[in-house]
Number of protein chains: 2
Amino acid sequence: MIQDPQPDIQTDLTTIRAMCDAFDVTPRTLRFYEAKKLLNPVRVGTRRLFTRRDRARLKLILRGKRFGFSLEDISQTLDLYDRDRSDAAQRQRACEIARERLAIMEAQRTELDVAIADLKAELAKVDVRGHAPRHEAE
Amino acid sequence: MIQDPQPDIQTDLTTIRAMCDAFDVTPRTLRFYEAKKLLNPVRVGTRRLFTRRDRARLKLILRGKRFGFSLEDISQTLDLYDRDRSDAAQRQRACEIARERLAIMEAQRTELDVAIADLKAELAKVDVRGHAPRHEAE
DNA sequence: AGAGCAGTTGACGTTAACGTCAGTGTAACG
DNA sequence: CGTTACACTGACGTTAACGTCAACTGCTCT
C-alpha cells in the first residue's frame with residue numbers, strides 16, 4: 001500500500017470512440033494530432049487512452065482552429081497550458097508566443113465587431129427596401 | 001442626363017501592383033481570386049484593372065479569411081454586398097446565408113472572449129508564480 | 001473455435017489555396 | 001531599336017489537414 005504508481009488516473013481515461021463522440025472528430029483526426037505531437041494518449045497494449053490533459057488540449061486545438069489558426073500555430077501556444085513544464089526557458093518562450101497570440105486575438109475581436117456591425121448594416125439596408133417581408137422568426 | 005453609361009469609373013481603377021501593395025497579397029492571389037469569380041477586374045488589352053467594387057470585395061475576402069472562413073464560404077456571402085443586383089431570389093438567398101454567417105460570427109465572438117479570458121488567466125498564473133520552481137499539482 | 005467488431009498501422013489519395021516556372025506580350029526607356 | 005521591366009497565361013508543384021483503404025491485431029460473444 002505504500003506504492004501508488006498510478007493514482008486514480010484510471011478513472012480519467014477516455015477511449016478513442018468516446019473522444020470522437022464528445023468532440024465530434026474522427027479517429028483519423030486524433031491519430032493525426034498524436035502524430036503531430038499535439039496529443040499523447042497513453043497506450044494500453046496498442047490502444048490509445050486519452051487523458052484529461054489530452055481532452056483539455058483537444059478543446060484548445062479545436063477552439064484555435066475555429067479562429068483560423070493553423071495546427072502549427074496552435075501547437076506552439078499549447079505548451080503554455082502545461083504548467084507542469086519546469087523548463088524555464090521553454091516556458092518563457094511559450095509566454096512570449098502566447099502574448100503574441102493574445103494580441104492577435106484581441107485585434108481579431110475588434111475586427112470581428114466591425115465585421116458584425118457591417119454585416120448587420122448591410123442586412124438592414126436590404127430589409128429597409130425589402131420587397132417581400134419574409135416568414136421570419138428570430 | 002438620362003444616360004450615364006460609364007461615369008467617372010476611369011479615375012477609380014487600380015493596377016494589379018497597386019492592389020498587391022495596398023492589400024499585401026501577391027499577383028497570383030488576385031488572379032486566383034479572379035479565376036474563382038471572387039473578383040472581376042476590367043481588362044485593358046490583356047491587363048487587369050481593379051474597380052472600387054473589387055477593392056471592397058477583396059477587403060471582405062481577406063477579412064473573412066482571418067476569421068477562418070474558406071473562399072467558398074466567403075464567395076457565398078459576398079453577393080450580399082452587391083446591391084446593384086436586382087435578382088430577387090438570388091438576393092433573398094444571399095440574405096439567408098448572411099444571417100447564418102452572422103450567427104456564426106456572433107458565436108465566434110462569444111467564444112473568442114472566452115478564449116481571450118482563458119489565455120489571460122493562464123498568463124496571469126505564470127506571472128504570479130514567477131520563476132520560483134514550485135512543484136504543484138492541481 | 002469461429003465470427004464479428006473496434007482499434008491500429010502504413011500508404012496513398014484529396015482538397016484548398018496558393019507558389020513557381022517557362023514562355024509570350026507589350027509599354028517604356030535610353 | 002534593343003533591352004529592361006512588369007504583366008499574362010498555362011501548367012505543374014506544394015503544404016496543411018485530413019480521408020480512404022488494406023491488412024493486421026486483439027476482444028468478446030456464442
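- Across all strands shown, Thr26(A) has heavy atoms under 4.0 Å from sugar-phosphate atoms exclusively, and none from any base.
- Residues from residues 55-72 of chain A with heavy atoms under 4.0 angstrom of DNA chain D, sorted by number: Lys65(A), Ser70(A), Leu71(A).
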Under-3.5 Å N/O pairs linking protein and nucleotides 9-14 of chain D:
{"residue": "dT9(D)", "atom": "OP1", "partner": "Arg43(B)", "partner atom": "NH1", "Å": "3.1"}
{"residue": "dT9(D)", "atom": "OP1", "partner": "Arg43(B)", "partner atom": "NH2", "Å": "3.3"}
{"residue": "dT9(D)", "atom": "OP2", "partner": "Arg48(B)", "partner atom": "NH1", "Å": "2.9"}
{"residue": "dT9(D)", "atom": "OP2", "partner": "Arg48(B)", "partner atom": "NH2", "Å": "2.4"}

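- A salt bridge does not link Asp79(A) to Arg91(A): none of the charged side-chain nitrogens sits closer than 4.0 Å to a carboxylate oxygen.
- Atoms NZ (Lys36(A)) and C1' (dA17(D)) sit 8 Å apart, rounded to a whole Å.
- By the rule that hydrophobic residues join a cluster once side-chain heavy atoms approach within less than 4.5 Å of another member, Ile97(B) and Ile74(B) end up as members of separate clusters.
- Contact check, Thr15(A) against dA6(C): no side-chain N or O comes under 4.0 Å of OP1 or OP2.
- Electrostatic pairing of Asp54(B) and Lys59(B) does not count as a salt bridge here, judged by no charged N lying under 4.0 Å from a carboxylate O.
- Between Tyr33(B) and the phosphate of dA17(C), there is no side-chain N or O to OP1/OP2 separation shorter than 4.0 Å.
- Using a 4.0 Å cut-off between charged nitrogen and carboxylate oxygen, Arg93(B) and Glu96(B) count as a salt-bridge pair.
- Atom CG of Leu39(B) is separated from atom P of dC18(C) by 11 Å (rounded to the nearest Å).
- Residues Leu62(B) and Met105(A) fall within the same hydrophobic cluster, defined by Ile, Leu, Val, Met, Phe, Trp and Tyr side chains chained together at heavy-atom separations under 4.5 Å.
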Arg101(A) and Glu106(A): CA distance, side-chain angles, deciding distance, salt bridge (Lys or Arg N to Asp or Glu O under 4.0 Å) verdict: CA-CA 8 Å; Arg101(A) 292 280 183 276; Glu106(A) 289 185 328; over 6 Å; no
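- Distance Leu13(A) CG to dG7(C) C1': 16 Å, rounded to the nearest Å.
- The separation between Leu38(A) atom CG and dC18(D) atom C1' is 13 Å, rounded to whole Å.
- With Asn40(B) as the fixed residue, the side-chain hydrogen bond (donor to acceptor under 3.5 Å, both in side chains) test singles out one of Glu34(B), Arg57(B), Arg48(B), Arg53(B): Arg53(B).
- Residue Arg47(B) contributes atom CZ, which lies 7 Å from atom P of dA27(C) at whole-angstrom precision.
- Residue Leu30(B) contributes atom CG, which lies 13 Å from atom C1' of dC8(D) at whole-angstrom precision.
- In this view, Asp118(A) and Arg63(B) satisfy the side-chain hydrogen bond (donor to acceptor under 3.5 Å, both in side chains) rule, not counting sequence neighbours.
- Between the P atom of dT25(D) and the CD1 atom of Ile16(A) lies a distance of 19 Å, rounded to the nearest Å.
- Within 6.0 Å of CZ in Arg17(B) there are more than 12 heavy atoms belonging to other residues, nucleotides or ligands.
- Separating the CE atom of Met19(B) from the C1' atom of dA7(D) is a distance of 15 Å, rounded to the nearest angstrom.
- The side chain of Phe32(A) lies closest to dA17(D) when the candidates are dA17(D), dA17(C), dG7(C).
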